[in-house]
Amino acid sequence: MPKTVIGSWGMRKREQYRSSSRSSSRASSQGCRMASPSADLAKCGGEAGGGDLSKAMSQGGTSQFQEVIRQELELSVKKELEKILSTAPQNESEHTKKDLEGFRKLFHRFLQEKGPSVDWGKIQRPPEDSIQPYEKIKARGLPDNIASVLNKLVVVKLNGGLGTSMGCKGPKSLIGVRNENTFLDLTVQQIEHLNKTYNTDVPLVLMNSFNTDEDTKKILQKYSHCRVKIYTFNQSRYPRINKESLLPVAKDVSYSGENTEAWYPPGHGDIYASFYNSGLLDTLIGEGKEYIFVSNIDNLGATVDLYILNHLMNPPNGKRCEFVMEVTNKTRADVKGGTLTQYEGKLRLVEIAQVPKAHVDEFKSVSKFKIFNTNNLWISLAAVKRLQEQNAIDMEIIVNPKTLDGGLNVIQLETAVGAAIKSFENSLGINVPRSRFLPVKTTSDLLLVMSNLYSLNAGSLTMSEKREFPTVPLVKLGSSFTKVQDYLRRFESIPDMLELDHLTVSGDVTFGKNVSLKGTVIIIANHGDRIDIPPGAVLENKIVSGNLRILDH
């Protein structure tokens, strides 16, 4: 299900409260059960506040009614959180308390915010100088003291995700993507190469989740001889919310047995609070570090860029940016990506889920909104500390609906790291080459990065010089290829794709060794059929369908 940003909740509830208010006498006689499919918000009678609720209803004041319901729900949630906290072992109590307090604040905002999170009429194109072309940044060149600049940097990788979408267990960062190297291997190789080349000490920080922490820490032992200091911290652990009652699903702090699905990591926007709470932020500032470069660990294009770093540390106008977002030009595959806009005098990231339905097509327009957020971010550590201590980091709440294995409908409240751009001073967008956005979300993406389209050097993938087009082919592999295990079984070797524009594969299809794909290739095996592309086959602008098997003699 797509994620949606909080906005309509308050309006929808207001309508529900109006209908409840109109039928107040009937509701009272039936135990005041809300006529709402999404929330059983309150019970009258013996519950605290029941008298206030009846009074508000009899007055017919929807705003008063809504406020009483909200207060009662917050009180119920507070009690549930206290029960959960009481089950925490002594050595986990303080950490759990911080997590649950963070959740309570987010839940409070969720109930308070009403209406769309952006007023479409206020959205403007960003001023020319607020999004700089990468070529202009690069043209400044590099100073002689680039090593001293690098020593002010920390690389942070968002490492909270699992490989479930690709049929893998455990952290996604441990999936092999190139020459048996995992995402994490490639990241460590990149930073080690930097440190050796410039004789620097750039550390790697992994933001893990409770899902990935244990497995990741086991693997980190193999990097003990690498020239990279590796730190980890965990993002928060929040309780999922029952969609009907709006109360936490979790009954205690454990996340095993019945409680396995009761908890979730609340999105990468949690980085600011969890980084600060871990103490690592202060440690790195104490070591003289000034900026973090944050990116998704599955974005293989997100390497340290010395030109952007130099622009941050030595700004041409003398005024440093606190937040830089790398954006890149949209293609038709990116129309849903968040974009940078000017909003109430500041740069603001607008996601498709925040856009009123009437303007979604306009938002997707490649001609009007030409860029999207790569989630490669450069952020001042001192600014994070200041804003965190002032409680001044403002991010829109994303409401992410889920259905648990047992069929229970829940919601999780999340935030996105880039949404905080409006809270920082002197923010900037940099329009970078598409090569800096190379995410591997599916096996279709995996096929691209494993192919001869890219060469691997010191952990970094670069487009092959033999590729005549700067763009990447569009690849769509069908459901038979979704799981990495099935995908690998269907390719005896990865095809030559240097001259490929478009590949669509559907059904039971396998590829022999040394296959070459050129132009537009569509291979469709209907249900019950199987297509084996023979070794050495060259498919150029071909449609293959039906049944094709090369039998061994």
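Remember, it's a predicted structure, so these values are computed and weren't measured experimentally. The first residue of the sequence shown is numbered 1, and numbering continues consecutively from there.
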Q: Do Asp213 side-chain atoms and Asn208 backbone N/O form a donor-acceptor pair below 3.5 Å?
A: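 Here the side-chain-to-backbone pair does not exist.
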
Q: Checking salt bridge (Lys or Arg N to Asp or Glu O under 4.0 Å) for the pair Arg104/Glu101: CA distance, chi angles, key distance, verdict?
A: CA-CA 5 Å; Arg104 196 183 66 75; Glu101 181 60 24; 3.0 Å; yes

Q: Using the side chain to side chain contact (heavy atoms under 4.5 Å, CB included) rule, take Leu312 and Cys321 through it: C-alpha gap first, then chi angles, then the decisive distance, then the call.
A: CA-CA 6 Å; Leu312 281 169; Cys321 297; 4.1 Å; yes

Q: Relative to the ring of Phe233, is the ring of Phe275 parallel (under 30°), tilted (30 to 60°) or perpendicular (over 60°)?
A: parallel

Q: If the threshold is 4.0 Å, N to carboxylate O, is there a salt bridge linking Glu80 and Lys83?
A: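 So Glu80 pairs with Lys83 through a salt bridge.
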
Q: Can you list everything that forms a ring pair (Phe, Tyr, Trp, His ring centres under 6.0 Å) with Tyr223? Sequence neighbours excluded, please.
A: none

Q: Examine distances only and state if a side-chain atom of Gln388 and a backbone atom of Ile393 form a donor-acceptor pair shorter than 3.5 Å.
A: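 Such a contact is absent between Gln388 side chain and Ile393 backbone.
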
Q: Identify, with sequence neighbours excluded, every residue that meets salt bridge (Lys or Arg N to Asp or Glu O under 4.0 Å) alongside Glu74.
A: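 Glu74: salt bridge (Lys or Arg N to Asp or Glu O under 4.0 Å) contacts with Arg70.
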
Q: Salt bridge (Lys or Arg N to Asp or Glu O under 4.0 Å), that's the test. Do Glu261 and Arg240 meet it? Break it down for me.
A: CA-CA 8 Å; Glu261 295 186 296; Arg240 283 178 166 144; 5.1 Å; no

Q: Cut-off 3.5 Å, side chains only: do Glu389 and Tyr276 have a donor facing an acceptor?
A: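 Yes.
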
Q: Within the distance-only criterion (no hydrogens, no angle test), does the side chain of Asn373 pair as donor or acceptor with the backbone N or O of Gly338 below 3.5 angstrom?
A: no

Q: Test salt bridge (Lys or Arg N to Asp or Glu O under 4.0 Å) on Glu425 and Arg386; report intermediate values, then the result.
A: CA-CA 11 Å; Glu425 294 299 321; Arg386 181 191 79 240; 5.2 Å; no

Q: Do the side-chain N and O atoms of Asp334 and Thr331 include a donor-acceptor pair separated by under 3.5 angstrom?
A: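 Thr331 and Asp334 do have a side-chain donor-acceptor pair below 3.5 Å.
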
Q: May I ask you to decide whether Arg348 forms a salt bridge with Glu396, counting only side-chain N to carboxylate O separations under 4.0 Å?
A: yes

Q: Tell me whether the rings of Phe110 and Phe107 are parallel (<30°), tilted (30 to 60°) or perpendicular (>60°).
A: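 Tilted: the ring planes of Phe110 and Phe107 meet at 30° to 60°.
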
Q: Counting distance only, does the side-chain N/O of Thr443 pair as donor-acceptor with the main-chain N or O of Val484 below 3.5 Å?
A: no

Q: For Asn299 and Asn376, which I'm curious about, is there any donor-acceptor pair between the side chains at under 3.5 Å?
A: yes

Q: So, Glu414 versus Asn400: side-chain donor-acceptor pair below 3.5 Å or not?
A: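 A donor-acceptor contact under 3.5 Å links the two side chains.
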
Q: Using a strict threshold of under 4.0 Å (side-chain N to carboxylate O), is an ion pair present between Glu82 and Lys78?
A: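 Between Glu82 and Lys78 there is a salt bridge, with a charged N closer than 4.0 Å to a carboxylate O.
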
Q: Among side-chain atoms of Asp185 and Thr182, is any donor-acceptor pair under 3.5 angstrom?
A: yes

Q: Does anything in residues 379-398 form a ring pair (Phe, Tyr, Trp, His ring centres under 6.0 Å)? List the pairs, not counting sequence neighbours.
A: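 Passing the test, one end in residues 379-398: no pairs.
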
Q: Set out, in order, the CA-CA distance, both residues' side-chain angles and the distance that settles side chain to side chain contact (heavy atoms under 4.5 Å, CB included) for Trp263 and Asn211, then state yes or no.
A: CA-CA 10 Å; Trp263 300 90; Asn211 290 318; over 6 Å; no

Q: Are the side chains of Tyr291 and Val324 in contact, using a 4.5 Å heavy-atom criterion?
A: no

